[in-house]
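Below is one structure, written out as structure tokens, with a few remarks after it.
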Amino acid sequence: MSVQSESFGRLPDGREAALFTLKNGNGLTLKVINYGCRIVSLLVPDKNGAFGDVVLGHRTLEEYFGANYQGTFVGRYANRIGNAEFTYKGVTYHLSKNDGRNTLHGGPLGYHQVLWNAQVKDGEEPAIVFTHVSPDGEEGYPGTLEMTVTYTLTKENELVLDYEGICDKETPFNPTNHSFFNLSGDPQKEVYDTRLTLCASAVTAVSDDLIPDGSLLPVAGTPLDFTKGKTLGQDMFAEDHLIQLCGGFDHNFCVDGEGFRKHGEAYDPDSGRLMEVWSDMPGVQLYTFNNVAGLTGKDGKPMQPHTAFCLETQFYPDSVNHENFPFSYVQPGKPFSSRTIYRFSVK
């Protein structure tokens with residue numbers, strides 16, 4: 001129903017970043033910048049009709065620089081690849097390291113630090129279309145990858161994220177969005193009372209540096225069982241090795257079923273906001289903002305641990321090194337596409 005744009009500062013090389021505001025007919029309002037296709041703000045009504053911002057973020061462009069994934073599009077490969085390398089058809093590709101010996105979220109110069117081209121589409125369901133071409137060999141990945149990332153606000157109060165890519169060589173592509181959600185609308189409030197349900201009966205087993213060993217672990221009877229729904233705070237500090245090591249949840253859940261399906265839902269009882277997550281991806285990463293790394297929020301206050309959660313739809317971490325994981329390489333000339341929907345309502 002309405003689309004606006006304005007300046008959001010300049011990069012060190014002088015290029016200007018833009019802030020785009022999209023609003024649907026129900027008042028759902030999305031603010032994004034073309035630096036990393038970042039979601040800066042998402043205004044969603046509560047059970048009383050009052051709008052609140054359910055996404056954490058920053059006030060200035062400079063605060064998003066560096067290894068900061070707030071609200072960003074992630075690629076070429078979301079999450080981790082062990083030893084920053086993979087072998088495909090007899091060729092070993094060595095990737096840039098930015099997580100100890102591993103690579104994380106595409107590497108130190110991943111797409112979160114790219115100034116994307118942007119085009120807005122007004123109408124009943126306003127959208128913004130980002131495009132970028134990643135050259136062959138960037139961060140060690142093969143092939144020139146042409147990407148299109150589209151965010152749409154629907155009449156049903158959905159935020160639809162469409163990812164498309166086409167490459168001239170076989171290449172791994174694992175796109176996701178790294179928004180930090182707090183359904184209360186208060187960026188200083190811990191998410192302990194948020195009730196989370198995940199349609200996942202297993203997680204990927206990982207080492208202490210969060211690299212999968214190729215096996216899956218059933219969640220039944222463990223602190224990772226969200227199949228029937230429970231508050232995030234119930235087991236966020238459980239006597240579990242990985243939970244203790246991470247300071248909260250940072251786990252890839254293997255979503256049951258195949259195709260486009262519901263991954264889960266999160267509910268904040270005080271505001272009444274309900275967010276459903278739907279996707280065609282096989283996994284979803286739950287991260288409970290365990291490390292704030294000295295960040296400052298849009299309210300001008302220091303961000304606090306456990307004041308948000310991420311539900312990042314994805315291929316399993318390190319899928320390129322595990323043939324048993326559900327994953328396929330983008331084939332030359334054959335477009336890749338994936339869709340994730342965050343659907344908002346109240347109860």
Item to check | Distance-only donor-acceptor check, side chains Asp209 and Asn102, under 3.5 Å | outcome: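 The answer is yes; a qualifying pair exists.
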Checklist entry - Taking atom types as modelled, is there a side-chain donor on Ser338 or Asp280 under 3.5 Å from an acceptor on the other? => result yes
Next on the checklist: Evaluate Glu139 against Ser96 for side-chain hydrogen bond (donor to acceptor under 3.5 Å, both in side chains), listing each step before the verdict.
Outcome noted: CA-CA 5 Å; Glu139 301 284 22; Ser96 301; 2.6 Å; yes
Aromatic contact, [X] with [Y] (centres under 6.0 Å):
| X | Y | answer |
| --- | --- | --- |
| Tyr88 | Tyr329 | yes |
| Phe65 | His58 | no |
| Tyr316 | Phe253 | no |

Checklist entry - Does the pair Tyr141 and Tyr77 meet the rule for a ring-ring contact (aromatic ring centres under 6.0 Å, His included), with working shown? => result CA-CA 9 Å; Tyr141 290 96; Tyr77 195 96; 7.3 Å; no
Item to check | Lys31 NZ/CZ over Phe20 ring centroid, <6.0 Å and within 45° of normal | outcome: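 No cation-pi geometry.
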Next on the checklist: Here's one to test your reading of the geometry: is the NZ or CZ of Arg261 within 45 degrees of the ring axis of Trp278 and under 6.0 Å from its centre?
Outcome noted: no
Would you find a donor on one side and an acceptor on the other, under 3.5 Å apart, between the side chain of [X] and the backbone of [Y]?
| X | Y | answer |
| --- | --- | --- |
| Asn83 | Glu85 | no |
| Lys301 | Pro187 | no |
| Arg38 | Gln70 | yes |
| Lys347 | Pro269 | no |
| Asn68 | Glu63 | yes |

Taking the basic N atoms (NZ, or NE/NH1/NH2) and the acidic carboxylate oxygens, is any pair closer than 4.0 Å for [X] and [Y]?
| X | Y | result |
| --- | --- | --- |
| Asp318 | Arg80 | no |
| Glu265 | Arg195 | no |
| Arg59 | Asp299 | no |
| Glu124 | Lys155 | yes |

Are the side chains of [Y] and [X] in contact, using a 4.5 Å heavy-atom criterion?
| X | Y | result |
| --- | --- | --- |
| Leu56 | Phe289 | yes |
| Ser319 | Asn321 | no |
| Leu198 | Thr227 | no |
| Asp168 | Pro332 | no |
| Phe344 | Leu42 | yes |
| Pro317 | Gln314 | yes |
| Pro212 | Phe325 | yes |
| Glu312 | Asn177 | no |

Do [X] and [Y] land in one hydrophobic cluster if side-chain heavy atoms of ILVMFWY residues count as linked below 4.5 Å?
| X | Y | answer |
| --- | --- | --- |
| Val191 | Val44 | yes |
| Leu161 | Leu286 | yes |
| Leu159 | Trp116 | yes |
| Leu61 | Val32 | no |
| Leu145 | Val114 | yes |

Item to check | Residue pairs passing the ring-ring contact (aromatic ring centres under 6.0 Å, His included) test where at least one lies in residues 147-178, sequence neighbours excluded | outcome: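 Qualifying pairs: Tyr69-His178, Phe73-Tyr163, His105-His178, Phe130-Tyr151, Phe173-Phe336, His178-Phe180.
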Checklist entry - Considering the options Asn24, Leu22, Leu153, Thr21, which one meets the side chain to side chain contact (heavy atoms under 4.5 Å, CB included) requirement together with Thr29? => result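 Testing each of Asn24, Leu22, Leu153, Thr21 against Thr29, the sole residue satisfying side chain to side chain contact (heavy atoms under 4.5 Å, CB included) is Thr21.
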With rounding to the nearest 0.5 Å, note down the distance linking [atom1] in [X] to [atom2] in [Y].
| X | Y | atom1 | atom2 | value |
| --- | --- | --- | --- | --- |
| Thr231 | Asp193 | OG1 | CG | 6.5 Å |
| Tyr35 | Arg10 | OH | CZ | 15.5 Å |
| Leu224 | Ser201 | CG | OG | 12.5 Å |
| His263 | Ser279 | NE2 | OG | 4.0 Å |
| Leu183 | Asp53 | CG | CG | 11.0 Å |
| Thr60 | Lys298 | OG1 | NZ | 12.5 Å |

Shortest non-hydrogen contact from [X] toward [Y]:
| X | Y | value |
| --- | --- | --- |
| Gly107 | Asn98 | C-ND2, 3.3 Å |
| Leu95 | Ile81 | CD1-CD1, 3.7 Å |
| Ala50 | Arg273 | O-NH2, 3.4 Å |
| Thr72 | Gly36 | OG1-O, 2.9 Å |
| Glu190 | Pro305 | CG-O, 4.1 Å |
| Asn34 | Ala118 | CB-CB, 4.3 Å |

Checklist entry - Does the pair Thr144 and Ser134 meet the rule for a side chain to side chain contact (heavy atoms under 4.5 Å, CB included), with working shown? => result CA-CA 6 Å; Thr144 299; Ser134 176; over 6 Å; no
Next on the checklist: Would you say that more than 12 heavy atoms from the other residues, nucleotides or ligands in this model lie under 6.0 Å from the NZ of Lys230, or not?
Outcome noted: yes
Next on the checklist: With side-chain hydrogen bond (donor to acceptor under 3.5 Å, both in side chains) as the criterion, how do Arg76 and Tyr111 come out once you've worked through the C-alpha distance, each side chain's angles and the decisive distance to 0.1 Å?
Outcome noted: CA-CA 7 Å; Arg76 182 173 301 198; Tyr111 304 149; 3.1 Å; yes
Checklist entry - What do the steps show when you test Tyr342 against Glu276 for side chain to side chain contact (heavy atoms under 4.5 Å, CB included), and what is the final call? => result CA-CA 6 Å; Tyr342 295 101; Glu276 300 176 40; over 6 Å; no
Item to check | Glu146: side chain to side chain contact (heavy atoms under 4.5 Å, CB included) partners, not counting sequence neighbours | outcome: Val133, Ile166
Next on the checklist: Would Ser184 and Asp268 count as a side-chain hydrogen bond (donor to acceptor under 3.5 Å, both in side chains) here? Give the steps.
Outcome noted: CA-CA 6 Å; Ser184 75; Asp268 178 69; 5.2 Å; no
Checklist entry - ring pair (Phe, Tyr, Trp, His ring centres under 6.0 Å) with Phe249: which of Phe226, Tyr192, Tyr287? => result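 When Phe226, Tyr192, Tyr287 are each tested with Phe249, the ring pair (Phe, Tyr, Trp, His ring centres under 6.0 Å) holds only for Phe226.
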Item to check | side-chain hydrogen bond (donor to acceptor under 3.5 Å, both in side chains) between Thr307 and Asn182, worked out | outcome: CA-CA 7 Å; Thr307 53; Asn182 186 322; 5.4 Å; no
